[in-house]
Amino acid sequence: MPLCSVCGKQNREQARFCGYCGRPLPNAPARPTEETRPVSRAPSSAGWLRHLPGFRSGQRWKQLMATAAYSLIALAIGGGAIADNAALLLLGMDTLAIVLFATNAWNLRSRVPLLSSPSTLKAASGWGMLVLLGVGALSVVVSTLPKAPSTASRLLPDLASQPPSAKPGEKVPLQRTPLPPDDVLQAKLLEVGSAMGWSLAYEDRTEGLFIWRFKIKGRGREQSSYECEGRFTWYMKRVGDQIGVDDPVMVLPPCPLDLPQLQAEIRRLQKDFNQRWLALVGPVTLTGPTSATHSLERQTEALNRTIPQLPVAPPTPKKESDIQRYYPQREDTVRWYVVKEMQTGQAVDFISFAIVGKTTLDNGRTVYLIENRTAQGISLDYQEITPDQVLLHRLVQKGPALDTVDDVRFTPPLPSLRSPLAVGRSWRASVGGGNVTQSYSYQVEARVTVAALGKEVRDCLRVVRTRDGTPDYKTEYCPEIGIAALEMLTPQGKWLRAELFETTTARLSLKGLRAAAGHCVYVLDGTGFSLNENLILTVLGPGDKPSKEQIHAAANIDIALDSEQQRGRVLISLEGTLHKASYTIDWKGECRASFLASPPVFRPSLTLIGQEADKQGQMSSILVGSGWRAGESLHFITEGPGWNKGSFPLGTANDLGVSGIAIVPFRQNPLDGEYTFTLQGETQTATLTVICQTGLCFVQ
């Protein structure tokens, strides 16, 4: 019987290949040469099976045993990969390796240094490593198998093994258990509110509606300390085997926190309350509110009951002023306008007006910061609104270029609206901005009917503005709506008309850029939504079909745009069950972003106005100072992770008090941490802190 020169096994007389290792046998009988014909080279299962351990002998019982063994190995490998079980996957792979190496299938063992070593010690160490690896994986798999529950485990759920909170729609990794009774869920709510030091202001157990009073204490930018009062609402309903929750937070004025600080504090409160309550009630799945389960009217009525109404004595009936009627202010409301050419009716732009904050003047009066966004840039109006008039104190405007900004203070403030409002009423003003003095005149021209928000609104008033003798702005004010439409004269002499088509209490704001190879990532932040809502993100680019995906309310929104993508406006919308927010990006194929943070009222400031990333992914931040004395000498100071503190002159402030542009280059991946930028004047200093996290740099 011929012996195999590789494995040393005996084979039958007529065999040409070893039945154990598959290698050609020496002195094997030659193929018959008679009547040879070309044979197809198509692969067959028999061709590779005869080299596989267990199938090489051709004996039926060995093949059946090998089939069962290989099925178990395949089941372990597949099950480990699907269930993300590393131990089970490793056990299957290790077992397969031992079988193949032990039988030297396809001469694999001869190619592994340790196993093919002539040294017995080295070969033994190689086999020992394989065996130990398999035994270790087997012990882990066995230890994770379900055990028979004890009496204690049947009575008490293992809360320590559960996550601290459940995201919307996310199932807790336990077998489904019935929800606790309503009285238990509500008792735990009250326990959490008490533990957080809040006082209960309203409760309706039948409706599942609870409201607490809370206070925020800390330090602000413009004051040494502050204390803000607010209301935390928890409105819950059973939705099948889930709990639908709306948990809005409202902070009462006056409060010196700027918008980013306020948003961060609100999210912290919502998350803290969520985690505490879920830790007490156990595995409960939360979902967002719906109009079918939650009554917005009841929630608003209950919230109004918790807000102190002054004076305490019965109020004296007072007629609403024209300003309050035709220019009502609703904080946290964003108004969207579509802009069309008046001659052609073609839509050319969108405008959004949003009250993003407010501040107090030295005389105690309140000034609102109103952000206007168009394709031409961003502007901030500082408006003081009283029952008698609307005064424009300051206008900070940034064009589409990253390195331009205008900052104009009006002395005295410009009256854009005055009471009483009646047809024929007019007023004039001459104000100075920088070294320029301009004359303005306003007239209530007519009473008109305006199409706004999908309906016809009567009793509206059209006010025409004339600047230095040229009519350039016409505004249509409607009762209880405010600005329903406006017409603007462009520098090219064309008239554009903007009409109000949507109002919303939620908004999207640009947080920053993240540079990436071949594309640019715009990072947006959504506010005004419940923490537990399931939100739908829709992105519509020029020439594209809208893409939709579901996201979590607390997550940042990453919008990636490729350099080869079609240029134009990209519309982003974020929609929940009760609220909707929108944002537009004017994509020009370059990774650029414009900002305009809210500077102090009349104090020197340093503001991040833009970010830009080049083709190599290196990102730069563009900063500018405003509010300085004309001609004042300025120095720019930088400090951050891995930097030495440095200073260089930034020239002098211009006639409008605006500094030169400071460009701060970062590498492709800026180091995580705080970067402090300081603008030093002759008598005053302004500081801006930028936070960088995983390549994203933003103002806190």
Residues in side-chain hydrogen bond (donor to acceptor under 3.5 Å, both in side chains) with Arg462, at least two apart? Glu476

Donor-acceptor pair, distance only, cut-off 3.5 Å: does the side chain of Gln270 make one with the backbone of Asp247? yes

Without swapping roles, check the side chain of Thr386 against the backbone of Asp388 for a donor-acceptor pair under 3.5 Å. yes

Checking Ser605 side chain against Pro599 main chain: does a donor-acceptor pair fall under 3.5 Å? no

Considering residues at least two apart in sequence or located in another chain, which fulfil the side-chain contact (heavy atoms from CB on, under 4.5 Å) criterion with Gln346? Thr344

May I ask you to check whether over 12 heavy atoms, not counting those of Phe350, lie within 6.0 Å of atom CZ? no

Does Arg365 CZ have over 12 foreign heavy atoms under 6.0 Å away? no

Who are the side-chain contact (heavy atoms from CB on, under 4.5 Å) partners of Tyr473, not counting sequence neighbours? Arg465, Thr475, Leu486, Met488

Near Gln343 CD, under 6.0 Å, is it more than 12 heavy atoms from other residues, nucleotides or ligands? no

Sequence neighbours excluded, which residues qualify as side-chain contact (heavy atoms from CB on, under 4.5 Å) partners of Lys511? Val523, Asn556, Leu696, Phe698

Rounded to the nearest 0.5 angstrom, the CG-CD1 distance for Leu508 and Ile572 is 7.5 Å

May I ask you to decide if the ring planes of Phe666 and Phe677 are parallel, tilted or perpendicular, using 30° and 60° as cut-offs? perpendicular

Does any N or O in the side chain of Gln611 come within less than 3.5 Å of the main-chain N or O of Cys697, such that one atom is a donor and the other an acceptor? yes

Inter- and intrachain pairs under side chain to side chain donor-acceptor pair (under 3.5 Å), touching residues 415-432, at least two apart: Gln389-Arg418

Any chance you could measure Lys580, atom NZ, to Leu535, atom CG, to the nearest 0.5 Å? 13.0 Å

Any ion pair linking Arg569 and Asp349 (charged N to carboxylate O, less than 4.0 Å)? yes

How long is the straight-line distance from CG of Leu380 back to CD of Glu371, given to the nearest 0.5 Å? 6.0 Å

Donor-acceptor contact below 3.5 Å, side chain Tyr235 vs main chain Pro248: no

Under 3.5 Å, is there a donor-acceptor pair between the His294 and Gln299 side chains? no

When you measure from the side chain of Asp322 to the backbone of Leu421, do you find a donor-acceptor pair of N or O atoms at a distance under 3.5 Å? yes

Can you list the residues that meet the side-chain hydrogen bond (donor to acceptor under 3.5 Å, both in side chains) rule with Thr374, with sequence neighbours excluded? none

Report yes or no: does Tyr337 contribute a side-chain atom to a donor-acceptor pair with the main-chain N or O of Glu502 at less than 3.5 Å? no

Between Leu392, Leu414, Asp472, Asp468, which is the residue that forms a side chain to side chain contact (heavy atoms under 4.5 Å, CB included) with Tyr440? Leu414

Verdict with reasoning, Leu500 to Leu453, per side chain to side chain contact (heavy atoms under 4.5 Å, CB included): CA-CA 6 Å; Leu500 178 66; Leu453 300 176; 3.8 Å; yes

Is there a side chain to side chain donor-acceptor pair (under 3.5 Å) between Asp525 and Ser509? Walk through the geometry before answering. CA-CA 5 Å; Asp525 188 22; Ser509 58; 4.8 Å; no

